[in-house]
Protein chains: 2
Amino acid sequence: MTDPAQFRRTDRSLPIALLRARETVMGPIREMLAQSGISEQKWRVLRVLDERGPTEQKVIADEACLLLPSLTRMMQAMEAEGLVSRAASEEDRRRTIVTITDAGRALIAQHAAESNAILARLETRYGARRLDQLFQLLDDLRHLDLDQ
Amino acid sequence: MTDPAQFRRTDRSLPIALLRARETVMGPIREMLAQSGISEQKWRVLRVLDERGPTEQKVIADEACLLLPSLTRMMQAMEAEGLVSRAASEEDRRRTIVTITDAGRALIAQHAAESNAILARLETRYGARRLDQLFQLLDDLRHLDLDQ
DNA sequence: CGATTAAACTTAACATGTAAACCAAAGGGA
DNA sequence: TCCCTTTGGTTTACATGTTAAGTTTAATCG
């Protein structure tokens, strides 16, 4: 076995801890969405579009934490499913503007109550104050640049 | 647009915040491992095996936060690459015991220094105390059950 | 002891993650 | 105006995530 002291505590732990925490939060959400045959990722995209209105794909990718190739595929699928519509931008012909449809909004409305119930349990059991702390710590971590 | 008030603050934010924080930490690690043509997931598996010695796949999956189908494929690839060896357990013929090879240990040793450098920057810039807080908060979150 | 259930994988099928190559439109500088 | 670079998207290829179904071996129950 390699000398255990050669690695720092955070090496293996932090990425795993983030994955596990994510699983706790998203597990119940995924179960809920599975009833509508929609993925966690598509749900994120719909939520972004609902909040922001018509949005170009680059911005959707940033907001929903997706890479453009993944988004491209999902957009094609979601357009076929009637959840969104797409059109080239007039000002900049490179950009594609995506808009949520009524069907997309209906899907969101359909799950709003249960989504809130799940997250209400989170706030109650975890505590609003600790949730604030966690958000702050995660946001600070995000803005680090560890490349050099 | 759907009434923004219909959703709680945490709904869209928390999963994204976890994804982004993960990206900050794993981005540099992924770049490093890409030089050896190894994925973040295989790195996690090697680290688990190096720490624990010969381990059954179920335990590896739990420790490395992977599902068994993913692990099965990776094990077949990693065995072919000569990073691990596998054998059926004597006591329980259902179990497969995986052992890291010298080549696997060599790969770990090869990246130990840079891995530590990246994570030393994390501890320095983020702060050991905040890192402790973050670990604690993530671990508490992990143990919630939001299903009911 | 036999039948049933559970556990540890494995396989298959499809969606998403990821990197690299490509394309067309926009910007910038000589 | 003509490069040249950048940007937003797409495509391709392969790895991994995820669910469901199947297989073999253990454990449990009657």
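So you know, we letter chains A, B, ... as the sequences are listed, proteins then strands, and number each from 1.
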Sugar-phosphate, base or nothing in reach of Arg73(B), heavy atoms under 4.0 Å: base
Nearest-Å distance for atom pair CG/P, residues Asp62(A) and dG9(D): 10 Å
Sugar-phosphate, base or nothing in reach of Thr96(A), heavy atoms under 4.0 Å: sugar-phosphate
Side chain Arg94(B) and base dT24(D) donor-acceptor under 3.5 Å: no
Closest contact, heavy atoms only, Leu18(A) versus Leu18(B): CD2-CD2, 4.0 Å
Distance test, side-chain N/O of Gln41(B) to OP1/OP2 of dG17(D), below 4.0 Å: yes
dT18(D) phosphate, OP1 or OP2, under 4.0 Å from Ser39(A) side-chain N/O: no
Under 4.0 angstrom between Arg93(B) side-chain N/O and dA26(D) OP1 or OP2: no
Outermost DNA chain C nucleotides near chain A [under 4.0 Å, heavy atoms]: dT16(C) to dA26(C)
Touch class at under 4.0 angstrom, heavy-atom based, for Glu91(A) against every strand present: sugar-phosphate
Under-4.0 Å salt bridge between Arg129(A) and Asp132(A): no
Given dT25(D), dT10(D), dG8(D), the nucleotide with the shortest approach to the side chain of Glu56(A): dG8(D)
